[in-house]
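This report refers to the structure that appears directly beneath it.
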Amino acid sequence: QERLLESGGGSVQAGGSLRLSCAASGRVFSPSVVGWFRQAPGKEREFVAALTWYSGTIDYADSVKGRFTISRDNVKDTLYLQMNSLKPDDTAVYYCAARPGSYKSRSFSDYEYWGQGTQVTVSS
C-alpha cells in the first residue's frame, strides 16, 4: 500500500527555520509530481510548492518563494521542505501530496496521495 508520512513540524519563533520530511512507501513518488500544501484554521488548503520527481522542476507559491526550498532524495524516496525566515502567517498543518503525471498542479484536488499532516507553529 502506498503511503506518505510527514515529520519535522514544531514550534519556532518568527525568523526561525524548520525542515519537514515526507517519506514514501510503495511507489507513490515514481513517476509523479510531489508537493507540499498547508492549511491554517478556518482557511482552505493552499499550495506551497511542487516538484516533478524525475526532472526536478519546481514551482513555489509567491508567499514562500525565496524562503522555502523543496527538494527530494531519490534513493530514500523522501521529500523535504526547508523553511527559513518563518513568519506567523506560515502557521498551519503542512501536508505532503503526490500525483501521477508531470503537471505541477497547484490544486489540492488534483493530488491522489496525502500524508497525515504535521503542525508548524510560528510565534511572533
Side-chain angles (χ1 to χ4, degrees):
Q1 186 174 358
E2 296 166 326
R3 293 183 177 179
L4 300 173
L5 182 63
E6 302 99 335
S7 61
S11 297
V12 295
Q13 290 190 329
S17 298
L18 284 172
R19 189 176 82 155
L20 305 183
S21 299
C22 176
S25 62
R27 298 300 295 172
V28 174
F29 284 171
S30 176
S32 68
V33 169
V34 291
W36 291 95
F37 288 77
R38 66 187 182 186
Q39 188 165 18
K43 295 187 177 181
E44 289 190 351
R45 193 166 298 190
E46 67 171 356
F47 171 79
V48 175
L51 175 151
T52 305
W53 192 256
Y54 278 154
S55 68
T57 59
I58 291 172
D59 184 28
Y60 291 105
D62 288 345
S63 59
V64 306
K65 198 173 294 184
R67 301 187 298 121
F68 290 11
T69 303
I70 188 173
S71 62
R72 90 274 199 212
D73 184 321
N74 292 34
V75 175
K76 296 181 179 179
D77 264 357
T78 300
L79 178 70
Y80 301 100
L81 185 68
Q82 177 66 44
M83 304 185 295
N84 299 327
S85 302
L86 283 161
K87 305 175 182 180
D89 284 349
D90 295 319
T91 296
V93 176
Y94 283 71
Y95 299 89
C96 68
R99 67 182 302 273
S102 60
Y103 174 55
K104 296 186 295 296
S105 174
R106 293 188 171 199
S107 175
F108 70 84
S109 62
D110 288 336
Y111 287 76
E112 185 173 344
Y113 304 100
W114 290 89
Q116 84 289 349
T118 185
Q119 177 70 46
V120 171
T121 303
V122 184
S123 58
S124 57

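Values reported hereafter were calculated over all heavy atoms of this structure, with side chains retained and with hydrogens, waters and symmetry mates removed.
- Taken together through direct or relayed side-chain contacts under 4.5 Å among Ile, Leu, Val, Met, Phe, Trp and Tyr, V33 and V48 form parts of separate hydrophobic clusters.
- Residue-environment remark: CZ (F108) stays at or below the threshold of 12 foreign heavy atoms within 6.0 Å.
- A distance of 9.5 Å separates CG in D59 from CD1 in I70, rounded to the nearest 0.5 Å.
- L81 and V93 fall into different hydrophobic clusters, defined by Ile, Leu, Val, Met, Phe, Trp and Tyr side-chain heavy atoms under 4.5 Å apart, directly or through other members.
- Using modelled atom types, one side-chain atom of T91 and one backbone atom of V122 make a donor-acceptor pair closer than 3.5 Å.
- Taking CH2 of W36 as the reference point, atom CG of L20 lies at 4.5 Å (rounded to 0.5 Å).
- With hydrogens and angles ignored, the 3.5 Å screen pairs no side-chain donor or acceptor of Q82 with any backbone N or O of R19.
- D77 CG to S25 OG: the interatomic distance, rounded to the nearest 0.5 Å, is 9.0 Å.
- L18 and Y80 are not part of a single hydrophobic cluster, where members link through side-chain heavy atoms under 4.5 Å apart.
- Put simply, CZ on R38 and CG on D89 are 8.0 Å apart, with the number rounded to the nearest 0.5 Å.
- Listed by chain and number, the residues in a ring pair (Phe, Tyr, Trp, His ring centres under 6.0 Å) with Y111 are F37 (sequence neighbours excluded).
- Put simply, the side chain of M83 does not reach to within 4.5 Å of the side chain of V64, judged on heavy atoms.
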For K65 and D62: C-alpha separation, side-chain torsions, deciding distance, then whether salt bridge (charged side-chain N to carboxylate O under 4.0 Å, His left out) applies.
CA-CA 5 Å; K65 198 173 294 184; D62 288 345; 3.4 Å; yes

Evaluate side-chain contact (heavy atoms from CB on, under 4.5 Å) for R67 paired with D90, printing each intermediate quantity in order.
CA-CA 11 Å; R67 301 187 298 121; D90 295 319; 2.8 Å; yes

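- Hydrophobic clustering (ILVMFWY, side-chain heavy atoms < 4.5 Å, transitive): V12 and F68 are in one cluster.
- Heavy-atom contacts from other residues, nucleotides or ligands closer than 6.0 Å to CD of Q13 number 12 or fewer.
- Note: Q119 CD to Q39 CD = 11.0 Å, rounded to the nearest 0.5 Å.
- Under 3.5 Å, the side chains of S107 and S105 contain no donor-acceptor pair of N or O atoms.
- The shortest non-hydrogen separation linking C96 to L79 is CB-CD2, 4.3 Å.
- When all heavy atoms are compared, the tightest approach of A40 to A92 is N-CB, 3.8 Å.
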Pair T78-S21, side-chain hydrogen bond (donor to acceptor under 3.5 Å, both in side chains): steps then yes or no
CA-CA 7 Å; T78 300; S21 299; over 6 Å; no

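- Nearest heavy atoms, P88 versus S123: CG-C, 4.4 Å.
- Between R72 and W53, some side-chain heavy-atom pair lies under the 4.5 Å cut-off.
- Counting heavy atoms from C-beta outward, V34 and L4 have side chains that stay 4.5 Å or more apart.
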What's the verdict on salt bridge (charged side-chain N to carboxylate O under 4.0 Å, His left out) for R99 and E112, showing C-alpha distance, side-chain angles and the deciding distance?
CA-CA 5 Å; R99 67 182 302 273; E112 185 173 344; over 6 Å; no

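- A distance of 6.5 Å separates NZ of K104 from OG of S55, quoted to the nearest 0.5 Å.
- By the criterion of side-chain heavy atoms lying less than 4.5 angstrom apart, applied directly or through intervening Ile, Leu, Val, Met, Phe, Trp or Tyr residues, Y113 is not grouped with Y95; the two fall into different hydrophobic clusters.
- Side chains of Y54 and S102 form no contact here, defined as non-hydrogen atoms less than 4.5 Å apart.
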